[in-house]
Amino acid sequence: MRIYNTLSGGEEEFLPQSEVVRMYVCGITPYAECHLGHAMSYIVFDVVRRYLEFRGYKVKHVQNFTDIDDKIINRAQKLSIPPGEVAERFIAQYFADMDTLNIKRAHVYPRATEEIPKITEVIQGLIDKGYAYEAKGDVYFRVSSDPDYGKLSHQSLDSLQAGARIEIGIDKEHPLDFALWKATKPGEPWWESPWGRGRPGWHIECSAMSLRHLGDTVDIHGGGQDLIFPHHENEIAQSESFTEITPFVRYWMHNGLVQLEGEKMSKSLGVLVTIKKALERFSPDTIRLFVLSSHYRSPISFSEEGLKAAEKGMERLRQAGFADGQHAMAEETGTIDAGVFRQKFIDAMDADFNSAQALAVLFDLAREINRAVSQGVGVQEAQQLLRELGHVLGFTFEEREIRLVADPFIELLISIRADLRKEKQWQLADEIRFRLNELGVVLEDVPQGTTWKYERPDG
RNA sequence: GGCGGCGUAGCCAAGAGGCUAAGGCAAGAGUCUGCAAAGCUCUAAGCAGUGGUUCGAGUCCACUCGCCGCCUCCA
């Protein structure tokens, strides 16, 4: 397998430290509902994990919650509830969203507020080694003490400083020095520390949690490209300075960002901003197919049109995966060479998780299946493969879940229509089909009878 | 100013020096069907531009044009 490493700027052969791949994915700061950017990132790394497991690796997946932060405190003040409650609320929503999107849960979900001992240990270690200094109850990382600083974002200290609009804290030695520990302000949560009451800075929690739960070096550290600087850059600085072990991370993976739509677009698509809203319109599989249709490092732009296209495609895969070949002699050995498709899928995914190409393989396989079904050739094995590989990409193959009270009545109408068709009362039969269609129920007459499904009327 | 990315058919999107440039959606024709739908078969249409390297370039280099991200909280 080859993986693109942000640190080196190129693809590298993937060689984990052991058969257990240590994977850390940057989690959320729970102060608001998750949006499609989160959906993309976590779908991407869900597929990374699923594929690694498919390839025979064991994966230990750790994902943090940064549950103490300015944004949470602000939100708490607005809502007049404790910061901890804000965090709990959005963590719960996070899990609900991710479960719906069929994203596998990490093995450990450490929270910043529960890792204070490790955090203070790392900070103290950095001070002791001269990589950090205290200033009036704050503790800053001394950027100038790290000769490698800027290696992930491929920037020099000078160039970073040139474009920076960083507030120059009067207590900082260097404008790019960043806070490891922040002295408490009135009304904020605090913890005791050797430097007085305060709370952790933004980047230190990830270092501490990664070191504690995965050791000095992890294999894969993932997140959105927006985290490269300063967050991941600072994580490297802190962690490698503290442990004096390089590398902190063997493969840095960053997904492309979801583009904000232009104003004009965002109006019509405003409903798609949060995951919850998107799920009201589109199935988890559809959203996933849309995300995986392009390479994970490319930026993507959600659009109504794009999601509808993905929906159609997903339906095609689903039907092929479960197409009822009952009239064919199911026991017959299929002529489809499943091995070829499996290998093509592996080749695609081995090349830095080229999910777009992998999907093309699934669509090719789907066509093979449909063709074979109509020729009466057995397709069991091929269908099983399609489902297996689909599951590697995280598809559920479940139909859109709308179980309405209307279902029995629809069944009744279809049953009556079947009688009408027997009587060759085409006009009435068509009338039923047409009227149901207007209501968003699509009927399809197949040799075995009539199938039906919901479809959005404006589709 | 610094770092990075993008421009492939109507739309989305792989590919990356050399057989006929994947795949999806949309479109047209055919097939199937009582009629539809789905499926299948076929069809049209594409490498932003200009130079260069090369026996050979979407694929490498240079420049031009257009678009975007990050450098500040962000997955």
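Everything quoted here is computed from the prediction, not taken from an experiment. Each chain gets a letter, A, B and so on, in the order the sequences are listed, and its residues count up from 1.
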(request) For RNA chain B, determine which residues of residues 384-396 of chain A have any heavy atom closer than 4.0 angstrom to one of its atoms, and list them numerically. (result) none

(request) Have a look at A/Lys424 and say if it touches a base, only the backbone sugar-phosphate, or nothing, with a 4.0 Å heavy-atom cut-off. (result) nothing

(request) With sequence neighbours left out, write down each residue that passes ring pair (Phe, Tyr, Trp, His ring centres under 6.0 Å) with A/Phe341, or none if nothing qualifies. (result) none

(message) Using the C1' atom as the point on both nucleotides, what is the distance between B/G7 and B/A16, in whole Å?
(response) 16 Å

(request) In plain terms, say whether A/Asp364 and A/Lys344 are close enough for a salt bridge, that is, a side-chain N and a carboxylate O under 4.0 Å apart. (result) no

(message) Rounded to whole Å, please give me the gap between CD in A/Glu304 and P in B/C11.
(response) 19 Å

(request) Could you please name the option among B/A75, B/G39, B/G34 that lies closest to any side-chain atom of A/Asn370? (result) B/G39

(request) For nucleotides 25-31 of chain B, just jot down a letter per nucleotide in 5' to 3' order: B, S or -, based on protein non-hydrogen atoms under 4.0 Å. (result) SS-----

(message) List the residues meeting side chain to side chain contact (heavy atoms under 4.5 Å, CB included) with A/Ser144, not counting sequence neighbours, and say none if there are none.
(response) A/Arg142

(message) Please find the pair of heavy atoms, one from A/Ser207 and one from A/Glu235, that lie closest to each other, and give the distance.
(response) OG-O, 3.3 Å

(message) Taking only the C1' atom of each, what is the distance from B/C25 to B/C3 in whole angstrom?
(response) 36 Å

(request) Taking atom types as modelled, find out whether A/Glu315 and A/Gln319 have a side-chain donor-acceptor pair closer than 3.5 angstrom. (result) yes

(message) Can you say whether a donor on the side chain of A/Asp226 sits under 3.5 Å from an acceptor on the base of B/C73, or the other way round?
(response) no

(message) Would you say A/Arg367 places a side-chain N or O within less than 4.0 Å of OP1 or OP2 belonging to B/U41?
(response) yes

(request) Take atom P in B/C12 and the same atom in B/U8, then report the distance between them in whole Å. (result) 8 Å

(message) Between B/G10 and B/A27, how far apart are the two C1' atoms, rounded to whole Å?
(response) 8 Å

(message) Once ring pair (Phe, Tyr, Trp, His ring centres under 6.0 Å) is applied, do any residues pair with A/His203, and if so which ones, sequence neighbours excluded?
(response) A/Phe178, A/His231

(message) Measure NE2/A/His221 against C1'/B/A75 and give the value in whole Å, please.
(response) 11 Å

(message) Need to verify one output field. Residue with the more 5' nearest nucleotide on RNA chain B, A/Gly306 or A/His203?
(response) A/Gly306

(request) Would you state whether a donor and an acceptor, one from the side chain of A/Arg421 and one from the base of B/G34, lie under 3.5 Å apart? (result) yes

(message) What is the separation between atom NE2 on A/His154 and atom C1' on B/G69, rounded to the nearest whole Å?
(response) 15 Å

(message) Without decimals, in angstroms, what is the distance between A/Ile414 CD1 and B/A37 C1'?
(response) 13 Å

(request) List for me each residue that meets ring pair (Phe, Tyr, Trp, His ring centres under 6.0 Å) alongside A/Tyr109, sequence neighbours excluded, and say none if there are none. (result) A/Phe65, A/Phe95

(message) Over all strands shown, is A/Arg75 touching base, sugar-phosphate only, or nothing at heavy-atom distances under 4.0 angstrom?
(response) nothing

(request) Using the P atom as the reference point in each nucleotide, state the distance between B/U50 and B/C55 in Å, no decimals. (result) 23 Å

(message) Give me each pair satisfying side chain to side chain donor-acceptor pair (under 3.5 Å) with a member in residues 90-99 of chain A, each pair once, sequence neighbours excluded.
(response) A/Gln63-A/Tyr94, A/Asp99-A/Arg105

(request) Determine the Euclidean distance between corresponding P atoms of B/A45 and B/A21; express it in Å to zero decimal places. (result) 13 Å

(message) Under a 3.5 Å threshold, yes or no: a donor from one side chain and an acceptor from the other, between A/Gln155 and A/Ser159?
(response) yes

(message) What is the separation between atom NZ on A/Lys422 and atom P on B/G34, rounded to the nearest whole Å?
(response) 15 Å

(request) Looking at every strand, decide which applies to A/Asp364 at a 4.0 Å heavy-atom threshold: base, sugar-phosphate, or nothing. (result) sugar-phosphate

(message) Checking A/Glu13 now: which residues fulfil salt bridge (charged side-chain N to carboxylate O under 4.0 Å, His left out) with it, not counting sequence neighbours?
(response) A/Arg2

(request) Look at the side chain of A/Arg433 and the base of B/C35, then say whether one donor and one acceptor between them are separated by less than 3.5 Å. (result) yes

(message) Using a 4.0 Å heavy-atom cut-off, does A/Leu257 contact any base of the nucleic acid, only the sugar-phosphate backbone, or nothing at all?
(response) base

(request) Kindly indicate whether a cation-pi arrangement holds for A/Arg297 with A/Tyr4, taking the cut-offs as under 6.0 Å to the six-membered ring centre and within 45° of the axis. (result) yes

(message) I need the CD1-P distance between A/Ile72 and B/C73, as an integer number of Å.
(response) 15 Å

(request) Assign each of A/Leu443 and A/Ile28 to its nearest nucleotide of RNA chain B by heavy atoms, then name whichever residue's nucleotide is nearer the 5' end. (result) A/Leu443

(message) Between B/A57 and B/C73, how far apart are the two P atoms, rounded to whole Å?
(response) 48 Å

(message) If the condition is side chain to side chain contact (heavy atoms under 4.5 Å, CB included), which residues does A/Ala76 pass it with, not counting sequence neighbours?
(response) A/Pro83, A/Val86

(request) Using the P atom on both, measure B/C60 against B/G1 and round to a whole Å. (result) 26 Å

(request) Nearest whole angstrom, please: distance from the P of B/G24 to the CZ of A/Phe290. (result) 17 Å

(message) If stacking means aromatic ring centre less than 5.5 angstrom from the base's six-membered ring centre, planes under 30°, is A/Trp426 stacked on B/G34?
(response) yes

(request) Please identify each residue that fulfils side chain to side chain contact (heavy atoms under 4.5 Å, CB included) with A/Val48, with sequence neighbours left out. (result) A/Met23, A/Phe45, A/Leu52, A/Ile220, A/Met253, A/Phe353

(request) Only counting residues at least two apart or in another chain, list the ones meeting side chain to side chain contact (heavy atoms under 4.5 Å, CB included) with A/Ala237. (result) A/Phe141, A/Asp146, A/Tyr149

(request) May I have the distance from A/Leu101 (atom CG) to B/A75 (atom C1'), rounded to whole angstrom? (result) 13 Å

(request) Would you classify B/G58 as syn or anti? Syn applies when the glycosidic angle is within 90° of 0. (result) syn

(request) Could you check whether A/Gly27 gets within reach of a base, just the sugar-phosphate, or nothing at all, counting any heavy atom under 4.0 Å? (result) sugar-phosphate

Polar pairs (N or O, both sides) under 3.5 Å between protein and nucleotides 13-15 of chain B?
residue, atom, partner, partner atom, Å
B/A13, O2', A/Ser293, O, 3.4
B/A14, OP1, A/His295, N, 2.6
B/A14, O3', A/Asn354, ND2, 2.9
B/A14, O2', A/Gln357, NE2, 2.9
B/G15, OP1, A/Asn354, ND2, 2.8

(message) Is A/Asn255 close enough to B/A75 that one of its side-chain N or O atoms is under 4.0 Å from OP1 or OP2 there?
(response) no

